[in-house]
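Starting from 1, each residue takes its place in the sequence as its number.
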Amino acid sequence: MKVEFSRSGGVAGIRLTATLDTEMLPREEAERLRRLIVSAALFDLPASLKSTTQRPDQFQYRVAIEDGTRVKKVEMDEASIPEIFQPLLDYLVERARAARKIKRS
């Protein structure tokens, strides 16, 4: 399973990105990511979730998943994130921040 994640916007406008492949992750991490994706019901979400009220400087998220023949892309703003999706986003933000720290070193 391959996952591409990006977060843009926010006050500082700093973009976060992460690309993950469960084939390249340690087994425990790969299983954690799979569980988060299933729990988030990602494949059941519409392709776009946008709130009706636009707020300045809110984050915009994009998650794309390729799992065998299944492909799903979801874009959302921070005001429209389903509660069930938040743990997956938290994990992806954490991974993106860790990858950015490694690149700086």
Side-chain angles (χ1 to χ4, degrees):
M1 179 183 305
K2 295 180 184 175
V3 179
E4 290 184 17
F5 164 78
S6 69
R7 183 187 79 180
S8 58
V11 175
I14 297 172
R15 183 177 179 88
L16 280 178
T17 62
T19 301
L20 304 170
D21 185 339
T22 56
E23 297 295 319
M24 305 303 286
L25 293 172
R27 187 173 54 86
E28 296 81 21
E29 275 300 300
E31 285 303 314
R32 179 180 177 198
L33 178 56
R34 284 188 187 100
R35 281 192 311 273
L36 287 167
I37 289 168
V38 169
S39 296
L42 183 90
F43 286 98
D44 297 331
L45 292 175
S48 180
L49 296 167
K50 301 291 179 182
S51 61
T52 55
T53 56
Q54 294 298 315
R55 296 184 305 186
D57 300 324
Q58 68 180 348
F59 288 119
Q60 305 294 319
Y61 296 92
R62 181 179 174 279
V63 179
I65 305 234
E66 181 182 323
D67 186 17
T69 59
R70 298 189 319 166
V71 176
K72 181 69 177 198
K73 295 178 185 176
V74 177
E75 293 182 4
M76 63 187 72
D77 58 43
E78 69 179 300
S80 65
I81 299 169
E83 189 175 318
I84 195 170
F85 201 80
Q86 192 63 54
L88 175 60
L89 279 183
D90 292 343
Y91 173 82
L92 294 172
V93 166
E94 175 186 310
R95 291 300 302 237
R97 285 183 176 150
R100 189 170 71 193
K101 285 181 184 177
I102 291 170
K103 287 180 186 177
R104 289 183 186 172
S105 299

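Residues K73 and A64 come closest through the heavy atom pair CG-CB, 3.7 Å. Residues S51 and S80 come closest through the heavy atom pair N-CB, 3.8 Å. S8 approaches R15 most closely through the heavy-atom pair CB-NH1, 3.8 Å.
Between M1 and R70, every side-chain heavy-atom pair lies at or beyond the 4.5 Å cut-off. The closest side-chain heavy-atom distance from L25 to R95 is below 4.5 Å. Considering only heavy atoms from C-beta on, I37 comes within 4.5 Å of L88 through its side chain. E4 is listed as a side-chain neighbour of R62, based on a closest heavy-atom distance under 4.5 Å. With a 4.5 Å cut-off on side-chain heavy atoms, D90 and L36 do not count as touching. Between F85 and L49 there is no side-chain heavy-atom pair separated by less than 4.5 Å. Between M76 and P82 the shortest side-chain heavy-atom distance falls below 4.5 Å. Residues F5 and L20 form no side-chain contact, since every pair of their non-hydrogen atoms from C-beta on lies 4.5 Å or further apart.
Both tests do not hold together for R32 against Y91: distance to the six-membered ring centre under 6.0 Å, angle to the ring axis within 45°.
Sparse packing is recorded around NZ of K2, with 12 or fewer heavy atoms of other residues, nucleotides or ligands lying under 6.0 Å away.
In this structure, CG in L92 is found 10.5 Å from OG1 in T19, a value given to the nearest 0.5 Å. Between E31 atom CD and T22 atom OG1 the span is 8.5 Å, to the nearest 0.5 Å. Between the CD1 atom of I65 and the CG atom of L33 there is a distance of 6.5 Å, given to the nearest 0.5 Å. Going from atom CG of L89 over to atom OH of Y61 covers 6.0 Å, rounded to the nearest 0.5 Å.
The residues R97 and E94 are annotated as not salt-bridged, no charged nitrogen and carboxylate oxygen being separated by less than 4.0 angstrom.
I81 and I84 end up in different hydrophobic clusters when Ile, Leu, Val, Met, Phe, Trp and Tyr side chains are linked at under 4.5 Å. A continuous path of Ile, Leu, Val, Met, Phe, Trp and Tyr side chains, each step under 4.5 Å between heavy atoms, connects F43 with V63, placing both in one hydrophobic cluster.
The only member of E75, K50, E78 that meets side chain to side chain donor-acceptor pair (under 3.5 Å) when paired with Q60 is K50.
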